[in-house]
Amino acid sequence: MTSSPVGAAADAASSPLLRNLNPEQLAAVTAAAEPALILAGAGSGKTRVLTTRIAWLLNTGQVSPGGVMAVTFTNKAAKEMQTRLATMLPFNVRGMWIGTFHGLCNRFLRAHWKLAHLPQAFQILDASDTTSAVKRVIKAMKLDEERFVPKQVGWFIAGCKEDGQRPGDVVAHDEQTRKLVEIYANYEDQCQREGVVDFAELMLRSYELLRDNPAVREHYQNRFRHILVDEFQDTNKLQYAWLKMFAPPGSAHGQSLLAVGDDDQSIYAFRGARVGNMIDFEREYRVRKVIKLEQNYRSFGHILDAANELISRNSQRLGKTLRTDAGQGEPIRVQESPSDFAEAQWLIEEIQHLHRGGLDRKEIAVLYRSNAQSRVIESALFNSGIPYRVYGGLRFFERAEVKHALAYLRLLENPNDDTSFLRVVNFPTRGIGAKTLENLQDAAKATGRSLYQSVSAIAGKGGANLLAFTNLIDSTRNLTQGMTLREIIEQVLQTSGLLDFYRTDKDGAERLENLDELVNAAEAFVMQEGFGKNAVGLPVDETAQPGTPGAVPDAETGEIMSPLVAFLTHASLEAGDNQAQAGQDAVQLMTVHSAKGLEFDAVFITGLEEGLFPHENAMSDPNGLEEERRLMYVAITRARKKLSLSFCQTRMLHGQTRYHIKSRFFDELPEDALKWLTPRNQGFGSGFAREYQNAWDRGSGLKGMVGAGNVSKPAWVEPPVPASMKPKVSEEHGGLRVGKGVFHTKFGEGVLLTLEGAGADARAQVNFGRHGTKWLALSVAKLTPID
DNA sequence: ACAAACGTTATTTTT
DNA sequence: TAACGTTTGT
């Protein structure tokens, strides 16, 4: 086998794929098919190892694309993996299951919706949808919202699900918990009634499906020969259990699991992530192969020294020390400021200096522990005309106007979605007040039907406007039959009155733009997913098509979900970018959490004060403090060349001036890696020396004035679709002809309208008359030509 | 139905 | 401080 050590060495010499890998990376890439744990330090080329391994497995014929599953946490990571693979492999990567945990669960549930007891077009609730759904349950139960805060109840429910617990499984010791469980049970019923699932439900439902259906489970166990999990330290209990369904420990299938992670970068314990899964994995799978990637290709020595020294203070570690060949580089600069305002001022000067020295602004990151800290910095940047970009704001699909539009679209697919119903029933205003809705909700509750279904029941009392609303939805549904996604959305924006509303609204201009952007997003989505039935005669490049988790045929019939359902799913699963004009050269502002996975030439870690970083809420318990330290470790390791640490004596917090002392983390960094720009151990009131040296100042040439103009209005831009990704349209496929009759085992006779794509991607649009017009994947659907 | 006024509350958040 | 949600007043 090529996976033997000798084979691997031979490969390394011959294969361009394996060239330039260091010994540890090579070992990870070419590891035999047995459980393996890769401890990948920051900047150690983790993604490269993951993608190269997949490419190597495929190239050496150890697995076919369909046998590969690669799981990540973020859409971004999944996309990056797909893109990289597309450049490494000579063929298309469609058959591989590459995606986020939730994306793959969605894909799985779409294929097995019947077994999962879900409607075919089930919709996904995002965080805010979930909260409002929970709120409705609490209201309906007439419980005190003070005692049962919807958001917290939502967390409780998610927490239960992530522990694999249904309402019946939760052990409640006190009255409060008993009530919470009751809410949980009602919430579950409500979701089921409405045909919606939240994020945690996606995971739990697919886990249970696998657990309870041996045939399905075995099918997938046989299918996935290699399962690669990224950021394993961030998995929760349920995600680990889910993985075990595909690759049970101790079984032959258990050999397929390869976990990549870094316990030192575990910063999501507060959200249910269990670093312990790494140790459990090692034990349960009797992992013999633990590979440490400790060679760092990102940062200079001083930066790594600081990171290593700091993290060595943590007690519970698997143990890892980063090293580099890059040399020590510049010392880490430390700045003390009298106030947060002065700190921001100092930042401005530093940033201007760096930029004049030739550094792109987008290579400069300002990090902070909590979002509130960005304010002072933002205003300082704004006043100096330095373009900047703040991460972590509202994302595209979370914007109110976009959510409204999506709610109308959802109602077309599923009028029983009460969450969407309530969102737009009176928006734009239609004279439907709280009283009317209360009546409606009572009627719905009495009969156990949806709000939509209950409208006729209260038509008498103030229901005329309600009836007008449901008629609007119904007529729009009829009107949009057979339309393209773009046309559907444009129609909905029009008939819903959203366009008219924002056109007359005083600050509706931006919202109109966003609605326009929604249409663009849908268009781009249709192209990428290969739903483009208008795209006639465009050539298709088989090598360029990345697989998409959204488009998956029904396991039984081969039916592909409609473009609208697919787009709605996409909108819930991928909130979109929140970045202002991604192309512009702007300074990057973000929390340390959102900086994970990124890297910059110059990094400023600000607000390094006791109570802030480490945060006061975390200081009391040792685990919390260790997580804060890991957070600091993540922050430090973001920097490639220049790292600056900064803290303030005073800071405005909650409207009050607070006095802080410098973070304890300063005492945990190696003295000789630091360069203090301000005198040390300076007490309050001793006067603050504003003179600091610029260690980076080597008389660098001035590059003119800094470009002005702050990046204020975020725009969401979908990347252009390369022509190579447009679908190929053909007239004939395996005896099937466009315009001729076809027979499907489930849907009966129909007329073939369109043929697209080739090979595994081939799909057909068929009008089945009574059953409607459907898109079918020819690799799954049993279609035979008839005369 | 809407706006103004008030009270409450303030980590981090991949999906 | 400032952002949000609820109540109150027009």
Side-chain angles (χ1 to χ4, degrees), chain A residues 71-80 99-106 124-132 135 145-146 149-151 154-155 158 161-162 197-204 230-231 233-236 238-239 265-273 340-341 367-376 379 391-395 397-398 426-436 465 549 569-576 578 590-598 607 611-619 624 627-628 630-632 634-635 651-658:
Chain A
V71 204
T72 64
F73 275 87
T74 66
N75 291 303
K76 200 177 157 204
K79 235 175 257 171
E80 166 151 14
T100 63
F101 276 100
H102 300 270
L104 295 184
C105 284
N106 170 61
I124 300 161
L125 303 181
D126 69 12
S128 68
D129 294 334
T130 304
T131 305
S132 59
K135 200 169 180 175
E145 284 194 40
E146 304 263 278
V149 185
K151 206 183 260 176
W155 291 338
K161 291 187 181 182
E162 281 160 9
V197 298
D198 60 33
F199 287 139
E201 186 70 28
L202 279 174
M203 289 290 327
L204 183 54
D230 192 15
E231 307 276 21
Q233 78 282 353
D234 288 340
T235 52
N236 62 35
L238 178 57
Q239 285 158 339
Q265 290 191 69
S266 157
I267 55 173
Y268 285 106
F270 73 94
R271 245 179 128 265
D340 51 348
F341 184 80
L367 310 184
Y368 34 81
R369 174 66 240 266
S370 62
N371 284 305
Q373 290 167 251
S374 76
R375 191 166 303 283
V376 214
S379 81
Y391 283 70
L394 255 198
R395 294 190 302 207
F397 287 114
E398 291 167 355
N426 198 34
F427 191 93
T429 317
R430 301 189 173 84
I432 298 169
K435 196 82 154 271
T436 313
N465 291 334
T569 300
H570 167 79
S572 323
L573 244 31
E574 220 176 316
N578 55 8
M590 66 191 85
T591 63
V592 180
H593 280 91
S594 24
K596 188 175 162 213
L598 306 176
L612 246 192
F613 200 0
H615 196 276
E616 53 191 344
N617 297 1
M619 294 192 313
E627 179 145 321
E628 294 291 303
R630 291 192 293 269
L631 203 48
M632 182 65 184
V634 167
R651 175 177 295 277
M652 266 308 222
L653 214 60
H654 310 330
Q656 280 183 326
T657 305
R658 296 255 306 245

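In what follows, every chain begins at residue 1, and chains take the letters A, B, ... in the order their sequences are listed.
Between the P atom of dT14(B) and the CG atom of N75(A) lies a distance of 11 Å, rounded to the nearest Å. Look at CD on E616(A): it is 9 Å from P on dT11(B), rounded to the nearest Å. With rounding to whole Å, K151(A) atom NZ is found 12 Å from dT11(B) atom C1'. Distance, E398(A) CD to dT13(B) P: 12 Å, rounded to whole Å. Regarding L653(A), its CG atom lies at a distance of 12 Å from the C1' atom of dT9(B), rounded to whole Å.
If R430(A) and S572(A) are placed on DNA chain B by their nearest nucleotide, the residue sitting closer to the 5' end is R430(A). In terms of position along DNA chain B, the nucleotide closest to H654(A) lies nearer the 5' end than the nucleotide closest to the other residue of the pair H654(A) and L573(A).
Side-chain N/O atoms of R395(A) include one lying less than 4.0 angstrom from OP1 or OP2 on dT15(B). Distances shorter than 4.0 Å separate none of the side-chain N or O atoms of N371(A) from OP1 or OP2 on dT11(B).
Out of dT14(B), dT15(B), dT11(B), the shortest distance to the side chain of D234(A) is found at dT14(B). In this structure, of dT15(B), dA2(C), dT12(B), it is dA2(C) that holds the atom nearest to the side chain of R375(A). Closest to the side chain of E145(A), out of dT15(B), dT13(B), dT6(C), is dT6(C). The side chain of T74(A) sits closest to dT14(B) out of dT13(B), dT11(B), dT14(B). Proximity note for T591(A) (side chain, C-beta onward) versus dT12(B), dT14(B), dT11(B): the nearest is dT12(B). Considering only the side chain of W155(A), dT13(B) comes nearest among dT13(B), dT15(B), dT11(B).
Counting atom types as modelled, R271(A) pairs a side-chain N or O with a base atom of dT15(B) as donor and acceptor under 3.5 Å.
Interatomic distance, CD of Q239(A) versus CG of L204(A), reported as 11.5 Å (0.5 Å rounding).
Residue F270(A) and nucleotide dT12(B) are classified as a stacked aromatic pair, their ring centres being separated by less than 5.5 Å at an interplanar angle below 30°. Here H615(A) lies parallel enough and close enough to stack on the base of dT11(B), with planes under 30° and ring centres under 5.5 Å apart.
Of the possible donor and acceptor atoms, none in the side chain of T235(A) sits under 3.5 Å from a partner among the backbone N and O of E231(A). Without hydrogens or angle criteria, Q373(A) side chain to S370(A) main chain gives a donor-acceptor distance under 3.5 Å. Without hydrogens or angle criteria, D198(A) side chain to T130(A) main chain gives no donor-acceptor distance under 3.5 Å. Side-chain atoms of N75(A) never come within 3.5 Å of backbone atoms of G103(A) as a donor-acceptor pair (strictly under, hydrogens ignored).
Looking at heavy-atom distances under 4.0 Å, G433(A) makes contact with sugar-phosphate atoms alone, never a base. Among the atoms of the strands shown, none is found under 4.0 Å from any heavy atom of E162(A). As judged by a 4.0 angstrom heavy-atom cut-off over every strand, A618(A) is placed among the base-contacting residues. Residue-level contact check: F101(A) touches neither bases nor backbone, having no heavy atom under 4.0 Å from any strand. Within the nucleic acid shown, S594(A) comes within 4.0 Å of sugar-phosphate atoms alone, with no base atom in reach, counting heavy atoms only. I432(A) comes within contact range of the sugar-phosphate backbone alone, with a heavy-atom separation under 4.0 Å but no base atom that close. Across all strands, K135(A) comes closer than 4.0 Å only to sugar-phosphate atoms, never to a base (heavy-atom distances).
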**Prompt:** Please walk me through it: do H593(A) and F270(A) pass ring pair (Phe, Tyr, Trp, His ring centres under 6.0 Å)?
**Reply:** CA-CA 12 Å; H593(A) 280 91; F270(A) 73 94; 5.7 Å; yes

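Annotation: dT12(B) and dG5(C) have their C1' atoms spaced 23 Å apart (nearest Å). Taking the P atoms as reference points, dC4(C) lies 15 Å from dT13(B), given to the whole Å.
For dT12(B), the base adopts the anti conformation, since its glycosidic angle falls more than 90 degrees from zero.
Contact check on K596(A) versus D234(A) returns a salt bridge, with a Lys/Arg side-chain nitrogen under 4.0 Å from an Asp/Glu carboxylate oxygen.
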